[in-house]
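Report on the following structure.
For the single chain, residues carry numbers from 1 onward in sequence order. Note that the structure is predicted; figures quoted are calculated from it, not measured. The analysis underlying the following values was restricted to heavy atoms, covering all of them including side chains, and did not include hydrogens, waters or symmetry mates.
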Amino acid sequence: SFTSTSQSPTINGVTTAQSGVYTLTVTANNACSATTTATVNVVVNALPTVSATLVNTVVCEGQTIELKANGSGSNYTWSGPSSFTSTQQNPTIASATTANSGTYTVVVSDGNICSASTTVQVTVNTLPVLTATGGTICQGQSLNLSVSGASTYSWTGPNGFTATGASPSVNTQGIYTVTGTNTTGCIGTATASVTVNPLPTINVSNVEVCVGGVAQLTATGASTYSWTGPNGFTSTTAQALISNNATTAMNGVYTVVGTTSLGCVGSATASLTVKENPIVTISGNRVICPDG
């Protein structure tokens, strides 16, 4: 039902319903009554349809961005952050960084003059930066590993060790690897080293002395020593001098605790025996006469 008296009319917001033949009738602007007609065929092409999605809805640093477009057109043109362009229908961006975050626009054309566009928002999430700590222990001890920087953690280590949580207890030497996942689902890793130092082997010998002799015990195998024994005896030297004038009251077992420069501790015992001196008696007389 289109009509117009303008010489050059326009129709805004057209749809395919405006396709068809338009007839122009021109009447002379004088006394003449003659008219002239002409026709023009107008084709209103339907716009192509288009939709865009992000295949992997969560993208972490280092992963691949997978864009996907669907539409009724035949030509696709993408543009986005960091000067990204592509004419593929479903382009990808490998080894993504946070600089690839932003709005991606795809324009679909039908090969004629019509086109449609849409956008998709992409966020490249940062990886968690984990800080893991091990430590040094002595044989027979244990320690708690520690890690921070994520929300959940999973550990692996020597001899098939596995654990979850931020501070598992360990007692084996080696390298422990922790995988941490943050709230966006991105994963980071770190390692912690555990050193297990051996306990010292303390060497001592049993000692026997006579009453009045020097009673001394000697230990080797550590850096520092602590002795205890009968009658409240204590000493902090490797060569523990009990007395320069031994008595039987000093008999007994003496214990020494040795500590290495790494702080590991070992112990040993030694027995001190103080023997009574023999009692010598002389009896009888001997007479020597002159001349033998």
Side-chain angles (χ1 to χ4, degrees), residues 1-129 150-152 181-188:
S1 300
F2 170 78
T3 60
S4 175
T5 58
S6 297
Q7 181 177 351
S8 303
T10 59
I11 305 173
N12 296 317
V14 295
T15 68
T16 54
Q18 272 78 47
S19 295
V21 176
Y22 287 76
T23 301
L24 169 66
T25 300
V26 179
T27 302
N29 190 18
N30 49 34
C32 300
S33 60
T35 61
T36 302
T37 62
T39 60
V40 60
N41 188 45
V42 174
V43 177
V44 180
N45 296 297
L47 293 176
T49 60
V50 59
S51 64
T53 57
L54 179 63
V55 175
N56 46 340
T57 55
V58 175
V59 181
C60 302
E61 285 180 301
Q63 293 181 338
T64 299
I65 298 172
E66 299 179 57
L67 300 169
K68 182 178 181 180
N70 288 305
S72 59
S74 56
N75 300 314
Y76 295 83
T77 302
W78 284 89
S79 61
S82 300
S83 303
F84 171 77
T85 60
S86 176
T87 56
Q88 295 180 342
Q89 181 176 352
N90 303 312
T92 60
I93 304 172
S95 302
T97 69
T98 54
N100 299 119
S101 295
T103 301
Y104 288 77
T105 300
V106 59
V107 177
V108 179
S109 64
D110 58 6
N112 297 308
I113 62 171
C114 297
S115 65
S117 68
T118 190
T119 62
V120 61
Q121 190 70 27
V122 175
T123 299
V124 180
N125 299 291
T126 59
L127 301 181
V129 178
S151 299
T152 61
T181 305
N182 62 17
T183 55
T184 61
C186 296
I187 295 172

Donor-acceptor contacts under 3.5 Å from residues 67-75 side chains, at least two apart:
| residue | atom | partner | partner atom | Å |
| --- | --- | --- | --- | --- |
| Ser72 | OG | Thr49 | N | 2.6 |
| Ser72 | OG | Thr49 | OG1 | 3.3 |
| Asn75 | ND2 | Ser109 | OG | 3.4 |

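In this structure a side-chain-to-backbone donor-acceptor pair under 3.5 Å is present from Asn56 to Thr64. Of the possible polar contacts, one joining the Asn125 side chain to the Val59 backbone as a donor-acceptor pair under 3.5 Å is found. The backbone N or O of Ala99 sits less than 3.5 Å from a side-chain atom of Ser82, completing a donor-acceptor pair.
Here Gln7 contributes atom CD and Leu24 contributes atom CG; the two are 8.5 Å apart, rounded to the nearest 0.5 Å. Taking OG of Ser101 as the reference point, atom CD1 of Ile65 lies at 7.0 Å (rounded to 0.5 Å). In this structure, OG on Ser117 lies 11.0 Å from CH2 on Trp78, to the nearest 0.5 angstrom. From Gln63, atom CD reaches atom CG of Asn100 across 12.5 Å, with rounding to the nearest 0.5 Å. Separation of atoms CD (Glu61) and OG1 (Thr98) is listed at 5.5 Å; rounding is to 0.5 Å. To the nearest 0.5 Å, atom OH of residue Tyr104 and atom CZ of residue Phe84 are 6.5 Å apart.
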Practice prompt. Assess whether side chain to side chain contact (heavy atoms under 4.5 Å, CB included) is satisfied between Thr85 and Thr77, documenting all intermediate values.
Written response: CA-CA 7 Å; Thr85 60; Thr77 302; over 6 Å; no
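Counting only residues at least two apart or in different chains, side chain to side chain donor-acceptor pair (under 3.5 Å) contacts with residues 36-45 are absent.
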